[in-house]
Student: 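Here it is, the structure in full.
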Amino acid sequence: MTMDKTFNAAEAEARIYEAWEEAGAFEAGANATPGAESFSIMIPPPNVTGSLHMGHAFNNTLQDILVRWHRMRGHDTLWQPGQDHAGIATQMVVERQLAEEGKRRTDFTREEFLKKVWAWKTRSGGTIINQLKRLGASCDWSRNAFTMSGAPGAPAHEDGNFHDAVIRVFVEMYDKGLIYRGKRLVNWDPHFETAISDLEVENVEVPGYMWHFKYPLAGGETYTYVERDAEGTVVLEEERDFISIATTRPETMLGDGAVAVSPEDERYAPLVGKLCEIPVGPKEHRRLIPIITDEYPDPGFGSGAVKITGAHDFNDYEVAKRSGIPMYRLMDTRACMRNDGAPYAEAAARAQAIAEGADFTIEEVDSLNLVPDHLRGLDRLEAREKVVAEVTADGLAMMTRADDPRLGKAAQQPSAPEEGGEAPGLDLVPLVEAKPLMQPFGDRSKVVIEPMLTDQWFVDTSQIVGPALEAVRSGEVTILPEQDAKVYFHWLENIEPWCISRQLWWGHQIPVWYDDEGNQFCATTEADAQAQAGNKTLTRDPDVLDTWFSSGLWPIGTLGWPEDTEELRRYFPTSVLITGFDIIFFWVARMMMMQYAIVGQKPFSHVYVHALVRDEKGKKMSKSLGNVLDPLDLIDEYGADAVRFTLTAMAAMGRDLKLSKDRIAGYRNFTTKLWNAARFAEMNEATHRPGAIPAPQATVNKWIIGETAKTRVAVDTALENFRFNDAANTLYSFVWGTVCDWYVEFSKPLLMDGDAATKIETQATMAWVIDQCLILLHPIMPFVTEELWGTLGDRQKMLVHADWPGYGEDLIDADADREMNWVIALIDQIRSARAQMHVPAGLHVPLLVTDLSAAGRAAYARNEAMIQRLARIRGLSDVRLFPKGCVTVAVEGGSFGLPLADIIDVDAEKARLEKTLAKLEKELRGLRGRLDNPRFVESAPADVVAETRENLALREEEETKLRAALQRLAGLA
RNA sequence: GGGUGAUUAGCUCAGUGGUAGAGCGCUUCGUUCACAUCGAAGAUGUCGGAGGUUCAAAUCCUUCAUCACCCACCA
């Protein structure tokens, strides 16, 4: 049979993958030798809403390499796949579909809605699995897991333990006091109307406004306001009856609890302890708030005085907690001004009493509705406009935004421009907006997040962070690259409570019930809760858990915990976690904390953190930029092997990966190269034969076996150290540079013209070498190697289960190594020499090189056929030093002298040789300088000194030859 | 503001103390005999700047410059 000239990836990949699956090749423990150590990897579960992007392709390629490598080594291997239910993302997909039908989530009951989500999950949730298969991922799909399996309402085929595990963990942690509910300031997403964690928001700077307002002092009191410049010179001195406040969020003024100034700020020192009036709301009910000191205000920024609105700002929240200032909540969960209909006047009066020293609880304060009637129910931004308009109308605005150039209006005078104050206009103001939960989920809600005082559930992370830190510090768990360990430490050392409740429907509902008095009953089932509560009527907490709470249990949950399963015993703790740096906090740190908290063991021994895949210009791939490379398109175009090899070869630790199609095309060519090497072997009957490693006689065959052994050692070392790019590059240069460029060429005279014994041993050697290439490449390029494996022989096992070799340095024949290096150098030299000459067509002229040593002549004799073929010479007579004047050219029936000047450009050749000589002399000076330095000879390692001496000798010999050649050349001119 | 990393050939990047590398691109040449998704030859570098440690520095230290990312953000 004749092989095609190229590998038909499109045709073969699906067929091969199917064959692997049919053979159960990926099942846990497949190809394991009895008693072998185990190797397990948990896939970072992609969102069910996800489709494969380059990040997944990269991440899963690296995992697949390790898994295939260990499986071939006979380890008891498991690659556990699964998907994450991805709370917000999934709910959003289904809500969007409903919106297309003109419906909303709230048009349905919770049960009805969840049924729709499950239906969607069943229909579309498997997309990414098929995409991972196209990549060649060798997961044990029979064990596919889902972070919501077994949840109430799940269809029958979604049974499983995950929900039970999650609920059980919650209850255990609740009982241990690791989980609590409390009223805290959290990030609120007004679009999805749910709390989100600090990690899920992104700080962005957008142009905005800074308003400066006057807060009048109580009772019309006045003081002398003095402002100095850096040298202490007074730049402004005036009587004032107000304190100036700068704010970007005027709508929160009604919730102010105090005005804070720095204790060092002399301008306001006389005011500390006094009261000032919030200049908004009905005049008869304006509240007076205290002026306090706190370290937080920066005297150099704004006016130096800050309004403290504890319920709507994180910094203010801290100040308020420190100073015991009430936090008045102004907005409801849609980020609209609160609209509960309570009388404003009473609330304002109560708030005033609190401000003046009355005792209060946070619930009391929170229950006050400090929003005046005309602002109630307004969107926060509408309310902002109205507040600004009112304050301005009262003449209490020191600056307005009327001069915003973007509004296209003529500049207007601010109502009361302040001498020496900041120029009115645009300031950069930090806002907060929602960011995608996980790459590549690009559809962020993009709304401005509102800090909101709400009741939420928290994990008291301070109690469980210890072991997670200690494990990495002690080396029990290693994080690579090291800089990511630093990031991990920094975050965990400063960890905040983890808000785990979300006001969504899709997720694990919190297993807590309340009676009418608000008492909590936490239990795994409603019946248990009811048993605790006696005959009280219970209502379940409607919130669900943060998706990361359940994915934090991924290592044990996928292995069947809380049951004591065989899988847990075999595969837990897992071996390696391979993940992107973007989820170190979200996921890696949480898994560490949770696994230690629940089962008291590490979740994994090694964490390998890889970088981001970017476009060829280094930009993040994003839909909006239109620079997304779809891995499936690339697989269609170049084949999965080429895509995988590209990602692997570029996976230098800790650096972003800039992907270009040129690079992929280059590695696609590599698969073709491999294919054709195999094709050559097949044409020459140099294909698989069972048995041991060949023990050939010919130098070249001995040599290639040693080269193969070097490669095997290098590949294993690279993979052991997660140096994926080293493994790929080693194999690339071995297969292309060593096997194809040299060994295959060397083999041709032996296979075609050699004696029978040499031919047979060369066939056997080549067959073995090609097999080794396939084995060693298989983890990176599984498809083309499996295909060739099947083509080149009748095998007992598929390549996916072939035995990984263990041979090493002992296969290296030092003599063969030396001799082949010499042969290669000679051929290079002859080829180079030929390129410098203008050989007249049809003539065969000697090639002008530097002279050969006696040892060289002997080595030449032993490898004559190969050298003659590759260097295209007829014999050593074709290789000589520049002769005097003429070269002798043999023609039919005699010979004649051809002037050297006719076939070489004497001047150019001279220049070239001189340049080479100059380089050589520079090197010689360096080498001699070192050896002449007694301190080098004393302090440098002996092998380095010996190597330097050896080098010097070689260079000196070269120099001699080069000078001789130059001399001859000079004789020509 | 704090942290981390980067700066090496025209481009994209490897290279953690011992003679500066790869891929792509470029120039010239070459298709009967595995592969034109190929082969051969060739050009291209004060390894960001400046100091220091060392027998020896792209590599370690200090410092400066520029860029990137992460965290926290001044109301």
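Chain letters run A, B, ... following the sequence lines, proteins first and then strands; every chain starts at 1. Given the structure is predicted, the values throughout are model-derived calculations rather than measurements.
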Student: If I pick the P atom on U12(B) and the same atom on A68(B), what distance separates them, to the nearest angstrom?
Tutor: 15 Å
Student: Distance check, rounded to the nearest 0.5 Å: Tyr328(A) atom OH versus Leu254(A) atom CG?
Tutor: 12.0 Å
Student: What is the separation between atom CZ on Phe586(A) and atom C1' on C71(B), rounded to the nearest whole Å?
Tutor: 13 Å
Student: Distance check needed: A72(B) P versus Trp491(A) CH2, whole Å only.
Tutor: 10 Å
Student: In whole angstrom, give me the gap between the C1' atoms of C26(B) and U66(B).
Tutor: 29 Å
Student: Would Arg930(A) and Phe936(A) count as a cation-pi pair here, with the cationic atom under 6.0 angstrom from the ring centre and within 45° of the axis?
Tutor: yes
Student: Could you tell me whether Glu956(A) and Arg928(A) make a salt bridge, using a distance below 4.0 angstrom between a side-chain N and a carboxylate O?
Tutor: yes
Student: Decide side-chain contact (heavy atoms from CB on, under 4.5 Å) for Tyr215(A) and Ile289(A); before the verdict, give the C-alpha distance in whole Å, the side-chain angles of both, and the deciding distance to 0.1 Å.
Tutor: CA-CA 10 Å; Tyr215(A) 278 41; Ile289(A) 53 175; 4.2 Å; yes
Student: Indicate, with a heavy-atom threshold strictly under 4.0 Å, whether Val944(A) touches base, sugar-phosphate, or nothing.
Tutor: base
Student: Rounded to whole angstrom, note down the C1' distance from U8(B) over to A22(B).
Tutor: 12 Å
Student: Do Ile824(A) and Phe746(A) have side-chain heavy atoms sitting under 4.5 Å apart?
Tutor: yes
Student: Please list, in numerical order, the residues of residues 635-646 of chain A that have a heavy atom closer than 4.0 Å to any atom of RNA chain B.
Tutor: none
Student: Could you tell me how far C13(B) sits from A6(B) if I compare only their C1' atoms? Round to whole Å.
Tutor: 12 Å
Student: Find which nucleotide of RNA chain B each of Ala940(A) and Lys486(A) is nearest to by heavy atoms, and output the residue with the more 5' nucleotide.
Tutor: Lys486(A)
Student: Would Leu271(A) and Val261(A) count as a side-chain contact (heavy atoms from CB on, under 4.5 Å) here? Give the steps.
Tutor: CA-CA 9 Å; Leu271(A) 301 183; Val261(A) 297; over 6 Å; no
Student: Remember a base hit wins even if backbone is also touched, and classify Asn933(A) as base, sugar-phosphate or nothing at under 4.0 Å, heavy atoms.
Tutor: sugar-phosphate
Student: For Phe7(A) and Glu787(A), run side-chain contact (heavy atoms from CB on, under 4.5 Å): C-alpha distance rounded to whole Å, both residues' side-chain angles, the deciding distance at 0.1 Å, then the answer.
Tutor: CA-CA 9 Å; Phe7(A) 173 55; Glu787(A) 178 74 354; 3.8 Å; yes
Student: State plainly whether the residues Arg322(A) and Glu295(A) are in salt-bridge range, i.e. N to O under 4.0 Å.
Tutor: no
Student: Counting only N and O atoms by type, is there a donor-acceptor contact under 3.5 Å from the side chain of Arg384(A) to the main-chain atoms of Glu251(A)?
Tutor: no
Student: At under 4.0 Å between heavy atoms, what does Glu923(A) touch on the DNA or RNA strands: base, sugar-phosphate, or nothing?
Tutor: base
Student: So what stems show up for RNA chain B if we need 3 or more Watson-Crick or G-U pairs in a row, all under 3.5 Å?
Tutor: B:1-7 with B:65-71, B:10-13 with B:21-24, B:26-30 with B:38-42, B:48-52 with B:60-64
Student: Any donor-acceptor pair under 3.5 Å linking the side chain of His312(A) with the backbone of Leu330(A)?
Tutor: yes
Student: Can you spot which of Asp313(A), Thr252(A), Asp316(A) makes a side-chain hydrogen bond (donor to acceptor under 3.5 Å, both in side chains) with Lys307(A)?
Tutor: Thr252(A)
Student: Taking the side chain as every heavy atom from C-beta outward, state whether Met3(A) and Leu788(A) have any atom pair closer than 4.5 Å.
Tutor: yes
Student: Establish, with yes or no, whether the OP1 or OP2 oxygen of A14(B) is under 4.0 angstrom from a side-chain nitrogen or oxygen of Arg723(A).
Tutor: no
Student: Indicate, with a heavy-atom threshold strictly under 4.0 Å, whether Pro941(A) touches base, sugar-phosphate, or nothing.
Tutor: base
Student: If we take the P atom in both G2(B) and U44(B), what is their distance in whole Å?
Tutor: 45 Å
Student: To the side chain of Gln483(A), which of C71(B), U19(B), G5(B) is closest?
Tutor: G5(B)
Student: Using the P atom as the point on both nucleotides, what is the distance between G21(B) and A9(B), in whole Å?
Tutor: 14 Å
Student: Between Pro297(A) and Arg663(A), just flag the one whose closest nucleotide in RNA chain B comes earlier from the 5' side.
Tutor: Arg663(A)
Student: Give a yes or no on this: more than 12 heavy atoms of other residues, nucleotides or ligands lie within 6.0 Å of atom CD of Glu921(A).
Tutor: yes
Student: Counting side-chain heavy atoms from CB outward, which of U19(B), C70(B), A75(B) is closest to Tyr296(A)?
Tutor: A75(B)
Student: Quickly work out the Phe724(A) CZ to A22(B) C1' distance and round it to whole Å.
Tutor: 20 Å
Student: In whole angstroms, how far is the P atom of C73(B) from the CG atom of Asp198(A)?
Tutor: 8 Å
Student: Taking OH from Tyr488(A) and C1' from C71(B), how many angstroms apart are they, rounded to a whole number?
Tutor: 17 Å
Student: How would nucleotides 32-42 of chain B be written as a contact map, 5' to 3', with B for base contact, S for sugar-phosphate-only contact and - for no contact, using protein heavy atoms under 4.0 Å?
Tutor: --BBSBSSSSS
Student: For the pair made of NE2 in His610(A) and P in G5(B), what is the distance, rounded to whole Å?
Tutor: 19 Å
Student: Nearest-Å distance, CG (Asp662(A)) to C1' (G25(B))?
Tutor: 9 Å
Student: Rounding to the closest angstrom, what is the interatomic distance between G39(B) and U54(B) at atom C1'?
Tutor: 46 Å
Student: Look at all strands and tell whether Asn315(A) reaches a base, only sugar-phosphate, or nothing, counting heavy atoms closer than 4.0 Å.
Tutor: sugar-phosphate
Student: Asn951(A) CG to A56(B) C1': how many Å, rounded?
Tutor: 15 Å
Student: Would you confirm whether Trp742(A), through its side chain, and Ile704(A), through its main-chain N or O, come within 3.5 Å as a donor-acceptor pair?
Tutor: no
Student: For the C1' atoms, the ones on A56(B) and on C60(B), what distance do you get once it is rounded to whole angstrom?
Tutor: 13 Å
